[in-house]
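One structure is given here, and the rest of the page talks about it.
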Amino acid sequence: MTGNTDIIFAQPLGCYVELTYNTRLSSIRFIKSKNGLKEKKTFKATFELEQYFGGEIKEFSCDVDISGLSPFTQKVLDELRKIKYGETITYSGLAKRIGSKAYRAVGRALASNPIPIVIPCHRVVAKNGIGGYSGGVDLKKRLLELEGLP
DNA sequence: AGCAGGTTTAGCG
DNA sequence: CGCTAAACCTGCT
């Protein structure tokens, strides 16, 4: 693998974001380092992400590569991408959408989601609270606020 | 096989 | 009202 990566600074989150590409966008990760990293923008999705953070766009048009994940997980993530900007859904609600009541398994699927934000796992909240998040609940809150949610 | 996970719901103090 | 306990389903070790 060539390991093509882009890096941008996400103002609303207060941290850097690293995007990894293969043939498609394959993974996103958050970098908490305070040291000055160089922003690098070469792929379309990178610009989209930057525009998203700036509130200029609400949806992503780029495709993602989740072929390495299990069928159930892919199904969950695929369904999750249909959740629109500014909307939220509960773990059980999402499970119901794919014809299952495995809300616990849904949480697991989201935890193994390689591409947060583009696959809006932050829009999935617990029925009685905000729920959890791979990159930290604090990060999740900021993402929700960015979309105008309490 | 067994365990743990980004939950949920019901039951008690 | 806040907390503990058991249950559901999947992916991993």
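Letters A, B, ... mirror the listed sequences (proteins, then strands); counts begin at 1.
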Rounded to whole Å, how long is the line connecting atom [atom1] of [X] with atom [atom2] of [N]?
X: N128(A); N: dC3(C); atom1: CG; atom2: P; value: 12 Å
X: L77(A); N: dG11(C); atom1: CG; atom2: P; value: 11 Å
X: R108(A); N: dC8(C); atom1: CZ; atom2: C1'; value: 14 Å
X: Y103(A); N: dA7(C); atom1: OH; atom2: C1'; value: 7 Å
X: I98(A); N: dC8(C); atom1: CD1; atom2: P; value: 18 Å
X: L94(A); N: dC9(C); atom1: CG; atom2: P; value: 16 Å

(message) Once pairs are restricted to Watson-Crick or G-U wobble with both distances under 3.5 Å, how does DNA chain C read as a dot-bracket string, [ ] for crossings and | for other-strand pairs?
(response) |||||||.|||||
(request) Provide the start and end nucleotides, 5' to 3', of the part of DNA chain B that has atoms under 4.0 Å from heavy atoms of chain A. (result)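 Footprint of chain A along DNA chain B, 5' to 3': dA4(B) to dT9(B).
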Between [X] (side chain only) and [Y] (backbone N and O only), is there a donor and an acceptor less than 3.5 Å apart?
X: D6(A); Y: F43(A); answer: yes
X: E18(A); Y: I31(A); answer: no
X: S27(A); Y: P114(A); answer: no

For [X], which contact category applies under a 4.0 Å heavy-atom criterion: base, sugar-phosphate, or nothing?
X: A105(A); answer: base
X: S134(A); answer: base
X: A111(A); answer: base

(request) For residues L144(A) and V125(A), report the shortest heavy-atom separation together with the two atoms involved. (result)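 Scanning both residues completely, I find the closest heavy atoms to be CD1-CG1, 4.3 Å.
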(request) Grab the two heavy atoms, one from L110(A) and one from S134(A), that are nearest each other, plus how far apart they are. (result)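 The answer is O-OG, 4.0 Å.
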(message) Using the rule side-chain hydrogen bond (donor to acceptor under 3.5 Å, both in side chains), only one of K141(A), K140(A), E147(A) pairs with H122(A); which is it?
(response)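 Among the candidates, only E147(A) passes.
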Side-chain donor-acceptor contacts of residues 81-88 of chain A below 3.5 Å, not counting sequence neighbours, with atom names and distances?
from   : atom 1 : to      : atom 2 : distance (Å)
R81(A) : NH2    : C62(A)  : O      : 3.2
Y85(A) : OH     : L146(A) : O      : 3.2

(message) Can you classify the ring geometry of Y16(A) versus F9(A) as parallel (below 30°), tilted (30 to 60°) or perpendicular (above 60°)?
(response)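 Ring orientation of Y16(A) relative to F9(A): perpendicular.
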(request) Using the closest heavy atom to pick a nucleotide of DNA chain C for each, name whichever of F72(A) or R104(A) lands nearer the 5' end. (result)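 With F72(A) and R104(A) compared, the 5'-side residue is R104(A).
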(message) Looking only at side-chain N and O atoms, does Y21(A) offer a donor or acceptor that is under 3.5 Å from a partner on T46(A)?
(response)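 Note: T46(A) and Y21(A) side chains meet the donor-acceptor criterion.
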